[in-house]
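Below is one structure; the comments refer to it alone.
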Amino acid sequence: MSKVPIGIFDSGYGGLTVFRSIRQRLPQYDYIYLGDNARAPYGNRSFETIHQYTLESVAWFFKQGCPLVILACNTASAKALRTIQQIDLPKLAPDHRVLGVIRPSAEVIGNYSASKHIGVLGTKGTIVSQSYLIEINKFFPDTIVHQVACPMWVPLIENKEYQSEGADFFVKKYLDELLLLSPKIDTLLLACTHYPLLLEKIKKFLPNSIKILSQGEIVANSLDSYLSRHVEIEKKLSQQGQTQFFTTDDPLDFEEHASFFFGQPVKAKQIELESIGKGRF
Ligand code: DGL
C-alpha cells in the first residue's frame, strides 16, 4: 500500500500559522495544505454554509488519499467538525480521521491560568458557537471563559494593515471589551489563525500579567501525541518531508499572502472543489 500525506485545511491563508508549527515539530511527514480562499473568510458565515464548504474540502483531501485531515481553522473546527466527525465520516470514510484546533487548545489552557479566568478572542462564528466555552469547561470545570469576537481583525491582517497605526484602534477596541468582562483574566487564547500576526499590538494594549497563547505549538504537540497513540493512522503516512500547497482561488495571490503567514515563500496550485449537495451524506 502506498503511503500518503497529512491534509491541512483552512478557509484561506491563516491556517499557515498553525501549519508552520506543525511542520517545525513534525518535519518528517508529507503534507497537503488547502486554503479555500475563493470562499473565505468563513468567520461570519452560517453553520450550514461552513459545514458544507468544509465537508467539500475534506472530501477533496480524501480523494487525494489523506487518511488524516487537520482543520487548522477555528471557525471550521467550531462550526463543522462535530457534524463531520459524527454524521459524515461514518458514511464517507469510517477509517479516516478529521481533527480540529479547539480541543487541543481546550485540553491545556487551564494549566496556564492561576486566576481561572481565561479570555478567548476569535471570529464571530467561533465565539457565537460557544465551542471554546463548552470544551474548556469539560477539561477545566472551575474555569470561567470570557469571550469577545473581533470581526475587524481578519480584514486588517489580510489587507496588510496589521502593523499600521490605524490598526491600533481596532486592536484596543476589542481588548478593552475583553478587559471590561473581568479584571481577573490572566490568560488569553488567540483562537483565530490570523491573530498571531497582531501579537505585538495585542501586547501593547494588555497588562504584562496576562499570558497570551497562540495555537500553533499547542496543536503541533497534540498532533505529535495523537500520531504516537494512533499507529493505525501513522503507519499510512508518507515521510519525505514534502509539502504541496493548493488554493481554490488565484495561486499568485495565495503565494503573495502565504509568505507572511508561513514565514517563507511557497508555490501553490489552484483546484476546484466538487460541490456536495446539502444532505448528500
Ligand atoms: N481561519 C479562520 C479562523 O481561524 C479565520 C479566517 C476566516 O474567517 O475564514 O477562525
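Atoms within each ligand, like the ligands themselves, are counted from 1 in listed order. Residue numbers run from 1 in the order of the sequence given.
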**Prompt:** ligand 1 and H194, any nitrogen or oxygen pair closer than 3.5 angstrom?
**Reply:** no
**Message:** A cation-pi test, strictly: NZ or CZ of R39 under 6.0 Å from the centre of the six-membered ring of Y53 and no more than 45 degrees from its axis. Yes or no?
**Reply:** yes
**Asked** Within 45° of the six-membered ring axis of Y112 and under 6.0 Å from that ring's centre, is NZ or CZ of K211 located there?
**Response**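 No, a cation-pi geometry is absent between K211 and Y112.
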**Item:** Best match, F9, Y13, Y42: closest heavy atom to atom 7 (C) of ligand 1
**Value:**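 Of the listed residues, Y42 has the closest heavy atom.
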**Asked** Among the heavy atoms of C73, does any lie under 4.0 Å from an atom of ligand 1?
**Response** yes
**Asked** Relative to the ring of H230, is the ring of Y226 parallel (under 30°), tilted (30 to 60°) or perpendicular (over 60°)?
**Response** parallel
**Asked** Taking the inter-plane angle between the rings of F245 and F262 on a 0 to 90° scale, is it parallel (under 30°), tilted (30 to 60°) or perpendicular (over 60°)?
**Response** perpendicular
Using a strict 4.0 Å cut-off to heavy atoms of [X], name the atoms of ligand 1 that fall inside it.
{"X": "S11", "answer": "1 (N), 2 (C), 6 (C), 7 (C), 9 (O)"}
{"X": "G43", "answer": "7 (C), 8 (O), 9 (O)"}
{"X": "D10", "answer": "1 (N)"}

**Prompt:** Closest non-hydrogen protein atom to atom 10 (O) of ligand 1, residue and atom name please, with distance?
**Reply:**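 Here the closest protein heavy atom is T75 OG1, 2.6 Å.
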**Prompt:** Within a reach of under 6.0 Å around NZ of K3, are more than 12 heavy atoms found that belong to other residues, nucleotides or ligands?
**Reply:**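 More than 12 within 6.0 Å, yes.
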**Request:** Give a yes or no on whether I218 and L71 share a hydrophobic cluster (residues Ile, Leu, Val, Met, Phe, Trp, Tyr; joining criterion: side-chain heavy atoms under 4.5 Å apart).
**Result:**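 No, I218 and L71 fall in different hydrophobic clusters.
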**Prompt:** For ligand 1, which part of C192 has a heavy atom less than 4.0 Å away: the side chain, the backbone, both, or neither?
**Reply:** both
